[in-house]
Amino acid sequence: MQTKNSKGPRAKRRKPSNTKNHKPRPARNGRGNEKARNQSKLDPQELRNQALPREEQHFEASFDFADSPLHPKLKELLQQKGYQKPTEIQEKSLEALLAGRDLLGIAKTGSGKTAAFLLPILQQQIAGKHQALVLAPTRELAVQIEQEYRSLNKGLKLFSEVYIGGTNMNKDLQKASRPTDLIVATPGRLLDLYQRRAISFKHLKVLVIDEFDRLLDMGFERDLNKILDALPIERQNLLFSATLDKSQERKIAEILNDPVRLQISSGDLSNDHVQQELIHLAPGDVKIEVLKKMLENPQMDKVIIFAETKRWVSKVNRKLRQAGIKTDEIHGDKSQNYRQKALNSFKAGKLQCLIATDVAARGIDVDDVSHVINYQIPKTMDSYIHRVGRTGRAGKSGIAYTFVESK
Ligand code: ADP
Ligand code: MG
């Protein structure tokens, strides 16, 4: 095995526009159609460019949360969480969001986008009824966002619910009749509840679409449009992601009204806290054996391994388990209960590896993920950026390895 980081003469910062126009755009709704998704290929050369060292852009917050206009109770909760200063996206979006402006926020993976939208919502909710809806592309991410909201509203008598697929519908129907300050949902289940008239958006004041480029993508388009049609016209709209797809500008303009645009990262570069390496197999190397060998390194103690298909995920999981490695898997064929349990065990440090499809690529925040490994080269640059962004979060560093076919 040899790793390559291409720090040679090409070590010049790539212009952000390189990948934009010919970025492959397969169907990516995560619910099958794997065949279509497998038709396009990401060029390893583009990954080499991603892996080039870049000048780190260091941000110095201009205030502590303690000196911010936030409510004293919120300040106290932030302190309990160990959030002393805002991250760049949090600082730069706060004023506009408190003033009720629409916003497009592009900032790197792990840069605190969740609190960037939750804090102004909470501030407005402390002042009076101010119902908000957050849409997320995956169930686990929806659960995580609601957990973050709960950790920031202790003692404030605010109520939240999560509505995601793969869970008991009757329970959701009961929950939906209760007054709720924050709804976090994946589009399918939310629409289902709306169409059964279990839920109403009459009092909704804020819409957040987290990982919006994913949700504006084909797989979600129909459900999302129906949800948008059901919302009050007068509302604040917030779109957040680490990546931006230029072809979605028209759709973005339809949703946002005179927005503030904050583009803290270029939207097509990966997080510079992540050291990125490509792995070329030598003739005769067997990939799974190389992977097992890598996992003997004691520093690889919290590793997310991405594979392209559900079947590959299961296969890698099985092989690693046979080798006595503590692993589990997450993909669309597993029950929601199983998926959430596997993720929780991984979060709790009970597993060395979590093997996953792209269902775990977006938004999932696990402390101290040491490594991300792409067992196969991902199909799109967006997918790559979000996967490697599962490590190197909140200013920490991480390492990402990608297996590439030898040429
Ligand atoms: P993003 O959505 O940009 O990928 P998250 O919102 O998931 O990032 O936040 C990444 C991590 O940073 C989380 O573990 C979160 O708790 C932490 N975090 C967020 N804001 C702050 C802050 N102001 N200070 C310290 N840690 C923070
Ligand atoms: Mg996020």
Side-chain angles (χ1 to χ4, degrees), residues 16 54-127 130 132 134 136 141 144-145 147-149 151-153 156 182 205-213 236-244 252 256-274 363 365 367 385-386 389 392-397:
R54 297 190 286 267
E55 329 89 75
E56 218 180 281
Q57 281 150 12
H58 193 66
F59 170 75
E60 270 306 327
S62 69
F63 59 86
D64 281 12
F65 278 124
D67 308 320
S68 71
L70 293 173
H71 190 275
K73 186 72 196 160
L74 273 180
K75 291 181 184 175
E76 194 185 309
L77 291 161
L78 283 165
Q79 200 186 5
Q80 278 173 24
K81 277 179 76 82
Y83 293 13
Q84 204 201 339
K85 291 168 185 295
T87 65
E88 189 168 4
I89 185 75
Q90 290 164 3
E91 172 167 334
K92 292 186 173 163
S93 60
L94 187 62
E95 207 179 299
L97 293 182
L98 288 176
R101 294 283 303 272
D102 280 11
L103 183 132
L104 175 79
I106 307 294
K108 285 195 178 119
T109 51
S111 64
K113 294 185 288 294
T114 320
F117 61 75
L118 288 181
L119 287 172
I121 288 173
L122 282 156
Q123 177 85 349
Q124 286 160 319
Q125 290 179 335
I126 292 171
H130 206 84
V134 181
L141 179 56
Q144 179 184 296
I145 292 167
Q147 281 166 352
E148 175 100 355
Y149 179 76
S151 77
L152 286 167
N153 76 9
L156 289 170
L182 185 84
K205 296 282 198 300
V206 188
L207 167 71
V208 181
I209 309 185
D210 196 18
E211 307 290 345
F212 72 88
D213 52 325
Q236 185 181 17
N237 299 286
L238 282 51
L239 306 184
F240 282 91
S241 187
T243 45
L244 177 66
I252 291 168
L256 298 179
N257 181 17
D258 184 26
V260 174
R261 280 181 82 108
L262 274 180
Q263 239 175 294
I264 284 156
S265 73
S266 61
D268 68 351
L269 284 175
S270 48
N271 187 329
D272 47 15
H273 293 291
V274 185
D365 184 62
D367 272 351
I385 290 170
H386 289 280
R393 300 177 69 73
K396 294 177 188 156
S397 58

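These numbers come from a predicted model, not from an experiment.
Among pairs with a residue in residues 109-126, none fulfils salt bridge (charged side-chain N to carboxylate O under 4.0 Å, His left out), at least two apart in sequence or across chains.
The two residues Ile106 and Gly267 make their nearest non-hydrogen contact at CG2-CA, 3.8 Å. The shortest heavy-atom contact between Leu118 and Ile145 is CD1-O, 4.0 Å. When all heavy atoms of Lys85 and Gln90 are compared, the closest pair comes out as O-OE1, 4.4 Å. Between Leu238 and Arg101, the shortest heavy-atom contact is CD1-O, 4.3 Å. The shortest non-hydrogen separation linking Leu103 to Ser93 is CD1-CB, 3.8 Å. Between Phe212 and Thr243, the closest heavy-atom pair is CZ-O, 4.1 Å.
The line from CG of Asp272 to OG of Ser397 is 11.5 Å long, rounded to the nearest 0.5 Å. Between atom CD of residue Glu76 and atom CG of residue Leu78 there is a gap of 10.5 Å, rounded to the nearest 0.5 Å. Rounded to the nearest 0.5 Å, atoms NE2 (His71) and CG (Leu77) are 10.5 Å apart. Atom CG of Leu141 and atom OG1 of Thr114 lie 7.5 Å apart (nearest 0.5 Å). The CG atom of Asn271 sits 9.0 Å away from atom OG of Ser265, with the distance rounded to the nearest 0.5 Å. Atom CD1 of Ile126 and atom CD1 of Ile121 lie 12.0 Å apart (nearest 0.5 Å).
Formation of a donor-acceptor pair under 3.5 Å by the Gln79 side chain with backbone atoms of Ala66 is not found in this model. Side-chain atoms of Lys75 come within 3.5 Å of backbone N or O of Ser68 as a donor-acceptor pair. In this structure, Asp213 contributes its side chain and Ser241 its backbone to no donor-acceptor pair below 3.5 Å.
Using a 4.5 Å heavy-atom threshold, the side chains of Leu244 and Arg261 count as touching. Proximity of Asp102 to Gln236: side-chain heavy atoms (C-beta onward) are separated by under 4.5 Å at one or more points. The side-chain heavy atoms of Thr109 and Val274, taken from C-beta on, include no pair separated by under 4.5 Å. Leu97 has its side chain out of reach of Leu119: every pair of non-hydrogen atoms, C-beta onward, lies at least 4.5 Å apart. Between Glu148 and Lys81 there is a side-chain heavy-atom pair separated by less than 4.5 Å.
A salt bridge does not link Lys108 to Glu88: none of the charged nitrogens lies less than 4.0 Å from a carboxylate oxygen.
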Item checked: Pair Leu74-Phe65, side-chain contact (heavy atoms from CB on, under 4.5 Å): steps then yes or no -> CA-CA 9 Å; Leu74 273 180; Phe65 278 124; over 6 Å; no
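For Gln80, the CD atom sits in a packed shell: over 12 heavy atoms of surrounding residues, nucleotides or ligands are nearer than 6.0 Å. Environment of CG in Asn257: sparse, with no more than 12 heavy atoms of neighbouring residues, nucleotides or ligands closer than 6.0 Å.
Here Glu91 pairs with Phe59, Ala61, Ser62, Phe63, Pro86 under the side-chain contact (heavy atoms from CB on, under 4.5 Å) rule; sequence neighbours left out. Looking at residues two or more places apart in sequence or on another chain, you find a ring-ring contact (aromatic ring centres under 6.0 Å, His included) between Phe240 and Phe117.
The side chain to side chain contact (heavy atoms under 4.5 Å, CB included) test with Leu182 is passed by exactly one of Val134, Leu122, Val206: Val134.
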